[in-house]
A.B. asks: 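The following block contains the structure, expressed as structure tokens.
Model, not experiment: these values are computed from the prediction.
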Amino acid sequence: MRIGAHVRQDSDPIGLGAKLGAEVVQFFVVDPQSWDKPKPHPLAEQIKASEIDVVIHSSYQINVASTNNRLRMPSRQAVALQAAAAAELGAFGLVVHGGHVRSDAEIEAGIINWRKLFERQQDKGGFAVPILIENTAGGNHAMARHFDSIARLWDAVGDFGAGFCLDTCHAWAGGEELVGVVDRIKAITGRIDLVHLNSSRDEFNSGADRHANLSEGTIDPELLAEVCRTAGAPVVLETPADGVADDIAYLREHVG
């Protein structure tokens with residue numbers, strides 16, 4: 001099991017990861033609030049040569065489920081471009097949030113739009129790295145907040161080799177119990193490719209996506225360690241930067 005963190009200094013992700021003692025780092029290839037196209041990373045060769053594994057998180061505004069063409073179409077393009085940039089860095093995947101639609105009536109269309117993302121890219125030779133769909137914390141019309149919704153989504157995209165990223169804060173805040181969560185999600189997707197191991201600043205089923213360090217959040221740290229132990233996947237902490245080194249140390253002590 002490889003344990004690491006999201007690094008916010010993506011100008012030198014490997015250097016910061018090494019300082020944290022991380023075995024895997026996650027970072028962005030563009031400003032996460034922008035529609036910018038990725039540029040070649042100046043340290044690409046160092047990143048590819050490093051023993052630290054790399055995974056890329058896509059920009060936040062991407063919503064491939066949307067029924068709004070002005071959002072969905074640039075989202076599709078952004079996923080393809082950021083996946084290509086991830087491949088240039090030797091990353092093992094690109095994390096993409098499940099997204100949302102505007103009403104219950106649009107949920108089926110949102111699922112179809114996710115399938116079209118993979119169908120259309122398949123015609124172009126597929127994505128350069130696996131797309132890891134992440135469960136989300138909030139929203140009444142989300143594609144991947146509740147596990148029954150994830151099951152509907154997976155029926156549409158699982159055959160295309162979609163991967164899954166389990167975020168513990170998102171599951172907790174989204175109203176999904178963490179006891180037995182690994183078995184429950186694997187029963188749906190057949191896989192967990194990455195774990196975002198985060199505690200939550202808010203209570204269960206709050207719908208709030210606010211991460212906390214393991215010692216300070218509302219989720220029992222031992223329960224988080226159990227998810228880490230059982231998932232059989234790389235683990236990335238997205239907890240507040242001041243405490244992330246302590247979070248890594250806690251997991252190393254309690255997971256082994």
Side-chain angles (χ1 to χ4, degrees), residues 6 8 26 28 31-35 57-68 70-72 74-75 78-79 82 94-114 117 131-154 156-157 162-182 184-185 188-189 192-214 216-220 223-224 227 231 236-241:
H6 182 91
R8 291 156 178 84
Q26 174 183 274
F28 300 105
D31 178 338
Q33 304 291 350
S34 78
W35 290 107
H57 198 300
S58 66
S59 46
Y60 291 134
Q61 77 282 7
I62 287 173
N63 183 3
V64 300
S66 177
T67 58
N68 181 345
R70 296 178 65 183
L71 177 56
R72 184 182 65 259
S75 292
V79 170
Q82 291 176 35
L94 176 72
V95 178
V96 181
H97 286 171
H100 60 278
V101 290
R102 295 170 293 190
S103 68
D104 284 348
E106 291 186 347
I107 287 176
E108 186 60 32
I111 292 170
I112 291 170
N113 285 338
W114 259 108
L117 172 79
I131 303 303
L132 312 182
I133 302 174
E134 180 180 356
N135 62 305
T136 51
N140 293 325
H141 316 297
M143 295 293 100
R145 172 177 177 173
H146 298 296
F147 286 9
D148 57 347
S149 300
I150 294 172
R152 291 178 64 186
L153 178 59
W154 226 257
V157 303
F164 189 77
C165 173
L166 172 65
D167 188 303
T168 53
C169 171
H170 294 177
W172 169 267
E176 295 288 349
E177 295 284 355
L178 293 185
V179 174
V181 69
V182 168
R184 289 171 58 219
I185 204 66
I188 294 168
T189 65
I192 295 175
D193 299 86
L194 178 67
V195 176
H196 284 169
L197 202 82
N198 307 307
S199 194
S200 172
R201 287 197 283 168
D202 297 278
E203 297 300 323
F204 180 78
N205 203 25
S206 65
D209 181 8
R210 301 199 300 172
H211 299 180
N213 294 110
L214 305 191
E216 298 178 0
T218 57
I219 306 174
D220 179 356
L223 183 53
L224 292 170
V227 173
V236 164
L237 291 146
E238 298 176 315
T239 52

A.B. asks: Residues in ring pair (Phe, Tyr, Trp, His ring centres under 6.0 Å) with Tyr60, at least two apart?
C.D. replies: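 Only Phe28, His57 meet the ring pair (Phe, Tyr, Trp, His ring centres under 6.0 Å) criterion with Tyr60.
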A.B. asks: Run Thr218 and Phe204 through side chain to side chain contact (heavy atoms under 4.5 Å, CB included) and show every step you take.
C.D. replies: CA-CA 8 Å; Thr218 57; Phe204 180 78; over 6 Å; no
A.B. asks: Tell me every residue that passes salt bridge (Lys or Arg N to Asp or Glu O under 4.0 Å) with Asp193, counting only those two or more places apart in sequence or in another chain.
C.D. replies: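 So Asp193 forms a salt bridge (Lys or Arg N to Asp or Glu O under 4.0 Å) with Arg191.
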A.B. asks: My understanding is that only residues two or more places apart in sequence, or in another chain, count here; which of them pass side chain to side chain donor-acceptor pair (under 3.5 Å) with Asp209?
C.D. replies: His170, His211
A.B. asks: Taking salt bridge (Lys or Arg N to Asp or Glu O under 4.0 Å) as the test, write out the residues that go with Glu176, two or more places apart.
C.D. replies: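 Residues passing salt bridge (Lys or Arg N to Asp or Glu O under 4.0 Å) with Glu176: Arg184.
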A.B. asks: Do the side chains of Leu224 and Ser199 get nearer than 4.5 Å, heavy atoms only?
C.D. replies: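 Ser199 reaches Leu224 side chain to side chain.
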A.B. asks: Holding to salt bridge (Lys or Arg N to Asp or Glu O under 4.0 Å), I want the full list of residues that pass it with Glu134, two or more places apart in sequence or in another chain.
C.D. replies: none
A.B. asks: Measuring from Asp167:CG to Asn198:CG, what's the distance to the nearest 0.5 Å?
C.D. replies: 5.0 Å
A.B. asks: In sequence, state the C-alpha distance, the side-chain angles, and the governing distance for His100 and Thr136, and then conclude on side chain to side chain contact (heavy atoms under 4.5 Å, CB included).
C.D. replies: CA-CA 9 Å; His100 60 278; Thr136 51; over 6 Å; no
A.B. asks: Does Met143 offer a backbone N or O that forms a donor-acceptor pair with the side chain of Ser149 under 3.5 Å?
C.D. replies: no
A.B. asks: In Å, rounded to the nearest 0.5 Å, how long is the span from CG of Asn113 to CG of Asn68?
C.D. replies: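 Reported value, rounded in 0.5 Å steps: 10.5 Å.
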A.B. asks: If only atom types and distance count, is the side chain of Arg72 paired as donor or acceptor with the main-chain N or O of Ser66 below 3.5 Å?
C.D. replies: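 Yes; judged by distance alone, with no hydrogens or angles, the pair exists.
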A.B. asks: CG of Leu178 to CD1 of Ile219: how many Å apart, nearest 0.5 Å?
C.D. replies: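 The CG atom of Leu178 sits 5.0 Å away from the CD1 atom of Ile219.
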A.B. asks: How would you list, by chain and number, every residue that makes a side chain to side chain contact (heavy atoms under 4.5 Å, CB included) with Glu216, sequence neighbours excluded?
C.D. replies: Asn213
A.B. asks: Excluding sequence neighbours, so at least two apart, what forms side chain to side chain donor-acceptor pair (under 3.5 Å) with Asn205?
C.D. replies: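 For Asn205 the side chain to side chain donor-acceptor pair (under 3.5 Å) partners, ignoring immediate neighbours, are Arg145.
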A.B. asks: Does any non-hydrogen side-chain atom of Val227 lie less than 4.5 Å from one of Val182?
C.D. replies: yes
A.B. asks: Could you pull out all residues at least two apart from Ser59 that satisfy side chain to side chain contact (heavy atoms under 4.5 Å, CB included)?
C.D. replies: Val30, Gln61, Ile62, Gln82
A.B. asks: Could you tell me which residues satisfy side chain to side chain donor-acceptor pair (under 3.5 Å) with Asp148, sequence neighbours excluded, listed by chain and number?
C.D. replies: none
A.B. asks: What I want to check is whether the side chains of His6 and Glu238 have a donor and an acceptor closer together than 3.5 Å.
C.D. replies: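 No pair is found: no donor N or O on one side chain lies under 3.5 Å from an acceptor on the other.
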A.B. asks: Identify, with sequence neighbours excluded, every residue that meets side chain to side chain donor-acceptor pair (under 3.5 Å) alongside Trp114.
C.D. replies: none
A.B. asks: Looking only at non-hydrogen atoms, find the nearest pair between Gly163 and Trp154 and report the distance.
C.D. replies: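 So the two residues come closest at O-CH2, 3.1 Å.
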A.B. asks: Within this structure, what is the NE2-CG distance for the pair His97 and Leu132, rounded to the nearest 0.5 Å?
C.D. replies: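 These two atoms lie 11.5 Å from each other.
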A.B. asks: May I have all residue pairs that pass salt bridge (charged side-chain N to carboxylate O under 4.0 Å, His left out) and include part of residues 104-114, sequence neighbours excluded?
C.D. replies: Arg102-Glu106, Glu108-Arg152
A.B. asks: Could you report the tightest heavy-atom contact between Ala78 and Trp35, atom names first, then the distance?
C.D. replies: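 Taking every non-hydrogen atom into account, CB-CZ3, 4.1 Å.
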A.B. asks: Can you name the nearest heavy-atom pair linking Pro240 to Ala212, along with the distance?
C.D. replies: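 Heavy atoms only, the tightest pair is CD-C, 3.8 Å.
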A.B. asks: Quick one: pull up CG in Asp220 and CH2 in Trp172 and give me the separation to the nearest 0.5 Å.
C.D. replies: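 Asp220 atom CG to Trp172 atom CH2 measures 8.5 Å (nearest 0.5 Å).
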A.B. asks: Which heavy atom of Gly99 sits nearest to which heavy atom of Asn63, and what is that distance?
C.D. replies: CA-OD1, 3.4 Å
A.B. asks: Out of curiosity, Ile133 CD1 to Leu166 CG, how far, rounded to the nearest 0.5 Å?
C.D. replies: 13.5 Å
A.B. asks: Report the C-alpha separation of Leu237 and Leu214 in whole Å, then their side-chain angles, then the decisive distance to 0.1 Å, and conclude whether the side chain to side chain contact (heavy atoms under 4.5 Å, CB included) test is met.
C.D. replies: CA-CA 9 Å; Leu237 291 146; Leu214 305 191; 4.1 Å; yes
A.B. asks: Start with the C-alpha gap between Asn135 and Phe164, add the side-chain angles, then the distance that decides, and say whether side chain to side chain contact (heavy atoms under 4.5 Å, CB included) holds.
C.D. replies: CA-CA 8 Å; Asn135 62 305; Phe164 189 77; 4.0 Å; yes
